[in-house]
K.L.:
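Handing you this structure, nothing more for now.
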Amino acid sequence: MKLLHRSFSSFPSSPLQTFLTIPQLCSNGRLQEALLDMAVLGPNMLGFHDYDALLNTCVNKRALREGQRVHTHMIKTSYFPPTYLRNRLLIFYGKCDRLADAHKVLDEMPDKNVVSWTAMISRYSQTGHSSEALTLFAEMMRADGKPNHFTFASVLTSCSGLSVGKQVHGLIIKWSYDSHIYVGSSLLDMYAKAGRIEEAREVFECLPERDVVSCTAIITAYAQLGLDEEALQVFQKLLSQGMSPNYVTYASVLTALSGLALLDHGKQVHCHVLRRELPFYAVLQNSLIDMYSKCGNLSYARRLFDNMPETERTSVSWNAMLVGYSKHGLGKEVLELFGLMREGKRVKPDSVTLLAVLSGCSHGKMEDTGLSIFDGMIAGDYGVKPDTEHYGCIVDMLGRAGRIEEAFEFVKRMPSEPTAGVLGSLLGACRLHVSVDIGEAVGRRLIEIEPENAGNYVILSNLYASAGRWEDVNSLRAMMLRSAVTKEPGRSWIQHEQTLHYFHANDRTHPRREEVLAKLKEILMKMKQAGYVPDHSCVLYDVDEEQKERMLLGHSEKLALTFGLIATGDGIPIRVFKNLRICVDCHNFAKIFSKVFEREVSLRDKNRFHQIVGGVCSCGDYW
DNA sequence: CTAGGGTTAG
């Protein structure tokens, strides 16, 4: 019967049609007919080239069932495949995401070669099974397997710890693969992911040649560590050298542009992408959504999101949009979109989704909703269990709403030690709502785990001061002087005519600083007449009142706002960005500023947006 | 036959 069938499928039906061999059928895309031929041929009738062609086709088509039939045929006909074909089998199972089957092929292989080891290691790396990849690499080294550039490029992807990464780097040098371009890209990426930008940069600089991927790797490295300008410099160099960016490059560049809130540049990248007519890459769409929302253009972001076919939307697309609404304080929109996501059922919420939803409730003054969603997480309603971050989000939310005791209870219930960030936000809330007892407990603990952060001492000391506990204020100050304290310098920037203008606190670098200061002094009169009263509690140092006022005026966002007023025409909205969170005094300043000078002010701080119109801020003075 | 860079959150 089978034989009969075969003669119908590939026997020449006309004199002009010649008989096709299995490899020929495979290369003509006629896999099913090739498989029929295979099925009717008994032991010793199929050779190396037939199996090679069949397996190769199954790999390309990710045809699991068909490949399994080929494998079974080998076993049933007692065919003993050479290493090359066993590698093909291994690769076939690996590409079909059957890693256990692939590993079994490897284990049963009498003569493993580099390709066997490497193919398995790379599949483990590519699918995120880092520890399996590393274990196998170690086994390979023990078994005296000789690694090559393929092996190193693959295994580095699984080296998430710096010490493992360094050990592998040592081996790479020993085997003289350190200037290989694939190995180098992977190596610099490893260092970047371990937060070692200097080492990453050095690997990149030492590469004898560069291509799009290695350039993209260093761009990503810079962008991930917040070195956005450096990322853009490399991108410009890449363009000037005539290299053609691909969608991964664009995605990374968009991250850097989001960081600097460079909307115009972001639009230019968007145009490039459209003109290049690149295929629909969800990754690229997602980074465009994120870029628009981080640059303050939520409606563009939403339009991109809506235009994505439902089947293409990933959790990242939903999360980017949810985060956008959350940072703009639009709690209602967050909940609406989250509702749509759950209704659609195509994409499951993940831990980032819930983080965005909780922080959306926090920024949107919806504490009770946030709490009930959190309870739902514990009850298993969303398929995501709360982790430290989610607890931290609730602590922050309750604290800012003045529900200090509840916030403190949450800290105690956290599954792991609270981070300095969580305790810091609670301490800030304690100062704002003058909760001395809890503030003291939190502040002391915070100083233990983060003794180098000046802000911690000062906030606690402010709290003591408001309770009249001057002795504690003094001893705290002494403690602070003994510890080596640091504070990330605040800086703000504003874009004007294709240039970014940076201002630091009490700026000494901007070429027009004198002019800006003079203008600031001038507008201060008008501001005070309109009701601006400097809020001295925002000064974190123990200095006299007059000096406090001078320090407040030196805050970088006030300088940037003033520059905006000078540099742009009447009625033009002023968009300012800050690397830290905005202080109460500057927030108040910006509100009155918008009213007095009839300017719309858009201020993006480290966490969120403040859209200020006519003296009213979109955050509702709650951030 | 085997290879590098990837978007959201913190």
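Note that the structure is a prediction, hence the values are computed from the model and not measured. Chain naming here is simple, since letters A, B, ... match the order of the sequence lines and numbering starts at 1 in each.
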K.L.:
Do Asp52(A) and His49(A) pair up side chain to side chain, a donor and an acceptor below 3.5 Å, judged on atom types alone?
P.N.:
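Absent: no donor and acceptor within the cut-off.
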
K.L.:
So if I take every side-chain heavy atom of Ala153(A) and compare against dA3(B), dT8(B), dC1(B), which nucleotide ends up nearest?
P.N.:
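Shortest atom-to-atom distance from the side chain points to dA3(B).
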
K.L.:
Taking the side chain of Ser287(A) as heavy atoms from C-beta outward, which of dT2(B), dG4(B), dT7(B) is closest to it?
P.N.:
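Minimum distance to the Ser287(A) side chain belongs to dT7(B).
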
K.L.:
Can you check whether any acceptor in the base of dG4(B) is under 3.5 Å from a donor in the side chain of Ser185(A), or vice versa?
P.N.:
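Looking at the base of dG4(B), it does pair with a donor or acceptor on the side chain of Ser185(A) (distance under 3.5 Å).
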
K.L.:
For Tyr281(A) and dT7(B), give me the distance from atom OH to atom C1', rounded to whole Å.
P.N.:
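It works out to 14 Å between those atoms.
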
K.L.:
Atom NZ of Lys193(A) to atom C1' of dT7(B): distance rounded to whole Å?
P.N.:
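One finds 12 Å between C1' of dT7(B) and NZ of Lys193(A), rounded.
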
K.L.:
Let's test your reading of the model: under 3.5 Å, does the base of dG6(B) pair with the side chain of Asn286(A) as donor and acceptor?
P.N.:
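Checked by distance alone, the answer is no.
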
K.L.:
Given dG6(B), dG4(B), dA3(B), which nucleotide is nearest the side-chain atoms of His180(A)?
P.N.:
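Nearest listed nucleotide: dA3(B).
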
K.L.:
So does Thr157(A) get a side-chain nitrogen or oxygen closer than 4.0 Å to the phosphate oxygens (OP1/OP2) of dG5(B)?
P.N.:
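For dG5(B), OP1/OP2 do have a side-chain N/O of Thr157(A) under 4.0 Å.
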
K.L.:
Considering only side-chain heavy atoms of Asn319(A), which listed nucleotide, dT8(B), dG5(B), dA3(B), is closest?
P.N.:
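Nucleotide nearest to Asn319(A)'s side chain: dT8(B).
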
K.L.:
What contact category does Asn246(A) fall into here, base, sugar-phosphate, or nothing, at under 4.0 angstrom with non-hydrogen atoms?
P.N.:
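Base contact.
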
K.L.:
For a quick check of understanding: with a heavy-atom distance under 4.0 Å over all strands, which category does Asn113(A) fall into, base, sugar-phosphate or nothing?
P.N.:
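Result for Asn113(A) = base.
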
K.L.:
Under the criterion side chain to side chain donor-acceptor pair (under 3.5 Å), which of Lys332(A), His363(A), Arg302(A) is the partner of Tyr325(A)?
P.N.:
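That would be Arg302(A).
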
K.L.:
Would you say dT2(B) has OP1 or OP2 under 4.0 Å from some side-chain N or O of Gln126(A)?
P.N.:
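No, because none of the side-chain N or O atoms of Gln126(A) sits under 4.0 Å from OP1 or OP2 of dT2(B).
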
K.L.:
CG of Leu106(A) versus P of dT2(B): gap in Å, rounded?
P.N.:
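From Leu106(A) CG to dT2(B) P: 16 Å.
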
K.L.:
Does a side-chain N or O of Lys112(A) approach OP1 or OP2 of dT2(B) to a distance below 4.0 Å, or not?
P.N.:
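Indeed not, no polar side-chain atom of Lys112(A) lies that close.
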
K.L.:
Would you mind classifying the nucleic acid contact of Ile181(A) as base, sugar-phosphate or nothing, using non-hydrogen atoms under 4.0 angstrom?
P.N.:
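Touches a base.
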
K.L.:
Does dA3(B) have OP1 or OP2 sitting under 4.0 Å from an N or O in the side chain of Ser122(A)?
P.N.:
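Answer is yes, contact under 4.0 Å.
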
K.L.:
In whole angstrom, what separates His49(A)'s NE2 from dC1(B)'s P?
P.N.:
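Going from NE2 in His49(A) over to P in dC1(B) covers 14 Å.
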
K.L.:
Looking at the side chain of Val248(A), which of dT8(B), dG5(B), dA3(B) is the nearest nucleotide?
P.N.:
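So the nucleotide nearest the side chain must be dG5(B).
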
K.L.:
Under 6.0 Å from the ring centre and within 45 degrees of the ring axis: does the NZ or CZ of Arg86(A) meet both conditions for the six-membered ring of Phe80(A)?
P.N.:
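Flagged: Arg86(A) positioned over aromatic ring of Phe80(A).
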
K.L.:
Between Thr220(A) and Ser252(A), do the side chains contain an N or O donor and an N or O acceptor separated by less than 3.5 Å?
P.N.:
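There is such a pair between these side chains.
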
K.L.:
From the list dG5(B), dT7(B), dG6(B), which nucleotide is the closest neighbour of the side chain of Tyr247(A)?
P.N.:
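Minimum distance to the Tyr247(A) side chain belongs to dG6(B).
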
K.L.:
Take the protein atom CG of Asn60(A) and the nucleotide atom P of dC1(B), then report the distance between them rounded to whole Å.
P.N.:
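In whole Å, dC1(B) P lies 12 Å from Asn60(A) CG.
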
K.L.:
Of the candidate nucleotides dC1(B), dA3(B), dT7(B), which contains the atom at the shortest distance from the side chain of Tyr182(A)?
P.N.:
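Looking only at heavy atoms from C-beta outward on Tyr182(A), the closest nucleotide is dA3(B).
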
K.L.:
Between P on dG10(B) and CG on Asn579(A), what's the gap in Å once rounded to a whole number?
P.N.:
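Rounding to the nearest Å, CG of Asn579(A) and P of dG10(B) are 16 Å apart.
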
K.L.:
Starting at atom CD1 of Ile121(A), determine the distance to atom C1' of dT2(B), rounded to an integer number of angstrom.
P.N.:
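Taking atom C1' of dT2(B) as the reference, CD1 of Ile121(A) is at 10 Å.
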
K.L.:
Remember a base hit wins even if backbone is also touched, and classify Thr249(A) as base, sugar-phosphate or nothing at under 4.0 Å, heavy atoms.
P.N.:
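The residue Thr249(A) makes base contact.
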
K.L.:
Measure from CG on Leu187(A) to P on dA3(B) and round the result to the nearest Å.
P.N.:
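Going from CG in Leu187(A) over to P in dA3(B) covers 19 Å.
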
K.L.:
Return the CE to CG distance between Met38(A) and Leu54(A), rounded to the nearest 0.5 Å.
P.N.:
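So the CE of Met38(A) and the CG of Leu54(A) are separated by 6.5 Å.
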
K.L.:
Nearest to the side chain of Glu389(A), which nucleotide is it out of dG10(B), dT8(B), dT2(B)?
P.N.:
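When the side chain of Glu389(A) is considered, dG10(B) is the closest of dG10(B), dT8(B), dT2(B).
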
K.L.:
Any base atoms under 4.0 Å from Asn87(A), or only sugar-phosphate, or nothing? Heavy atoms, all strands.
P.N.:
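If one applies the 4.0 Å heavy-atom cut-off, Asn87(A) turns out to touch a base.
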
K.L.:
Between Thr388(A) and Ser416(A), does any side-chain donor sit less than 3.5 Å from a side-chain acceptor?
P.N.:
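Judged by distance alone, the side chains do pair up.
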
K.L.:
Can you tell which of dG10(B), dG4(B), dG5(B) lies closest to the side chain of Asp189(A)?
P.N.:
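Selected nucleotide: dG5(B).
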
K.L.:
Can a salt bridge be assigned to the pair Glu139(A) and Lys112(A) using a cut-off of 4.0 Å between side-chain N and carboxylate O?
P.N.:
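Lys112(A) and Glu139(A): not salt-bridged.
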
K.L.:
Would you please confirm or rule out a distance under 4.0 Å between OP1 or OP2 of dG6(B) and any side-chain N or O of Gln224(A)?
P.N.:
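For Gln224(A), the contact criterion (side-chain N or O under 4.0 Å from OP1 or OP2 of dG6(B)) is met.
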
K.L.:
Applying a 4.0 Å non-hydrogen cut-off, can you work out what Asp52(A) is touching in the nucleic acid: base, sugar-phosphate, or nothing?
P.N.:
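The residue Asp52(A) makes no contact with any strand.
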
